[in-house]
Amino acid sequence: MKEITIIKPDDLHIHLRQGDAMVFYAKESANQFKRGIVMPNTVPPVTSVETVLEYKNSILNIVPEFEPLMTFKILPKTDPMDIPKLKKIGVIAGKYYPAGATTNSEDGISEWKIMRPVLKAMEDSEMVLSIHGEKPESFIMDREKDFLPIVKEMNREFPKLKIILEHVSSRDGVEFVKSMPENIVATVTLHHLLSTVEDVINNSANKCMPIPKLKEDRDSIREAVFSGDKKFFFGSDSAPHPKADKECLKAKAGVFTSPVLLPKLAELFENNSCLDRLEAFVSKLGADFYKIPYNEEKITIYKKDMVVPNEVYGVIPYLAGETISWSL
Ligand code: DOR
Ligand code: ZN
């Protein structure tokens with residue numbers, strides 16, 4: 001049987017949620033990933049030394065073998081004086097949500113300029129700025145494109161600040177990241193490598209923010225990833241919502257991709273004749289950017305069919321009911 005063994009990967013953008021359901025989500029991630037950049041948009045959000053430590057401990061209680069890399073949510077009221085304290089307890093990034101851009105972001109930022117002191121403190125502390133790069137006022141397909149000038153301004157004012165355009169979804173976003181200095185990079189999700197807006201229209205389980213766009217946008221993301229460009233690394237943005245919140249008139253945004261990530265990525269890379277680049281994409285390029293060592297553990301993925309279940313822990317997984325030609 002054909003198989004591939006790679007360094008156990010990192011999921012550099014993951015929503016583990018909270019409460020009872022977190023047990024399933026955390027185990028699902030730890031199964032395939034050694035580390036994860038854990039997003040802070042819980043309710044209430046993760047914003048302080050206390051809430052970071054509490055959240056980190058609750059994850060480690062479930063999956064002690066997993067290394068949660070902690071983030072905090074940047075709020076309009078965030079005190080720049082807190083940044084060095086967060087850095088000291090190991091917080092690796094601050095997450096910037098434009099107000100209303102996505103799930104649990106109503107308390108986000110409406111005017112980036114009021115955040116200058118926080119961004120300066122992050123630059124000084126060498127804390128990564130992780131951005132949900134969408135302008136909520138714009139037409140849904142233009143939201144990412146219209147946010148890019150803000151990233152450009154941030155980079156002009158804070159040239160040393162490391163910035164991630166999370167879950168890049170458009171050709172404009174890809175071209176922008178390529179054109180910027182090396183401290184401006186992007187994470188790429190499995191679903192933005194696969195889906196277009198048509199998949200969202202046909203199935204509300206695929207709804208997410210930013211919305212998957214046109215074929216040419218998807219092709220541009222694929223080209224960046226399959227070429228091995230070191231500015232584009234993996235972050236799943238796996239974001240589970242209970243089935244009832246997806247199969248309804250106003251479906252929540254978020255796709256639960258965790259159960260299929262490595263098998264589907266292996267299939268996609270193989271089909272595009274670049275299976276040899278998978279390890280860098282999921283296990284090396286992100287670690288290089290965050291300046292963390294590569295994991296020592298390995299994982300093997302097998303060329304063996306996997307049928308994606310219709311439901312996992314009360315959530316519809318991405319590609320439910322489909323067969324993937326690789327499995328763990
Ligand atoms: O689709 C999304 N869901 N995009 C995000 O940015 C957040 C996420 C969630 O938390 O559900
Ligand atoms: Zn996310």
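Counting convention: from 1, in listed order, for ligands and their atoms alike.
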Do Lys213 and Ser169 have side-chain N/O donor and acceptor atoms under 3.5 Å apart? yes

Quick test: of every protein heavy atom, which one is nearest to atom 7 (C) of ligand 1, and how far off is it to 0.1 Å? Thr102 OG1, 3.3 Å

Can you list the atoms of ligand 1 that are under 4.0 Å from a heavy atom of His241? 11 (O)

Any nitrogen or oxygen of Arg17, main chain or side chain, under 3.5 Å from a nitrogen or oxygen of ligand 1? yes

Give the contacting part of His167 toward ligand 1: side chain, backbone, both or neither, where contact means a heavy-atom distance below 4.0 Å. side chain

Answer side chain, backbone, both or neither: which part of Asp237 comes under 4.0 Å from ligand 1, heavy atoms only. side chain

Looking at the Zn ion (ligand 2), which N/O/S atom of His13 is the nearest one? NE2

Under the criterion side-chain hydrogen bond (donor to acceptor under 3.5 Å, both in side chains), which of Lys27, Glu28, Lys243 is the partner of Tyr313? Glu28

Rounding to 0.5 Å, atoms CD (Gln32) and CG (Asp11) come to a distance of 9.0 Å

Phe176 six-ring face occupied by Lys152 cation (under 6.0 Å, within 45°): no

Give the numbers and elements of all ligand 1 atoms closer than 4.0 Å to a heavy atom of Cys208. 1 (O)

Around atom 8 (C) of ligand 1, find the nearest protein heavy atom and jot down its residue, atom name and distance. Ala239 CB, 3.7 Å

Looking only at protein heavy atoms, which one is nearest to atom 1 (O) of ligand 1, and what is the separation? Met209 N, 2.9 Å

How are the rings of His13 and His167 set relative to one another: parallel (under 30°), tilted (30 to 60°) or perpendicular (over 60°)? tilted

Measuring from atom NZ of Lys85 to atom CD of Glu50, what distance do you get when rounded to the nearest 0.5 angstrom? 9.0 Å

Applying side-chain contact (heavy atoms from CB on, under 4.5 Å), run through Phe158 and Leu129 and close with a yes or a no. CA-CA 11 Å; Phe158 308 103; Leu129 176 65; over 6 Å; no

Using a 4.0 Å heavy-atom cut-off, say whether Asn104 meets ligand 1 through its side chain, its backbone, both or neither. neither

Any N or O on Gly254 sitting closer than 3.5 Å to an N or O of ligand 1? yes

For side chain to side chain donor-acceptor pair (under 3.5 Å), just list the numbers for Thr51 and Ser48, CA-CA rounded to whole Å, side-chain angles, deciding distance to a tenth of an Å, and then say yes or no. CA-CA 5 Å; Thr51 48; Ser48 62; 2.8 Å; yes

Hey, is ligand 1 close enough to His132 that some N/O pair sits below 3.5 Å? yes

As an exercise, state the distance from OG of Ser58 to CG of Leu53, rounded to the nearest 0.5 Å. 11.0 Å

With the Zn ion (ligand 2) at the apex, how many degrees lie between OD1 of Asp237 and NE2 of His15, rounded to 10 degrees? 90°

Tell me which protein heavy atom sits closest to atom 3 (N) of ligand 1, plus the residue, atom name and distance to 0.1 Å. Ala253 O, 3.0 Å

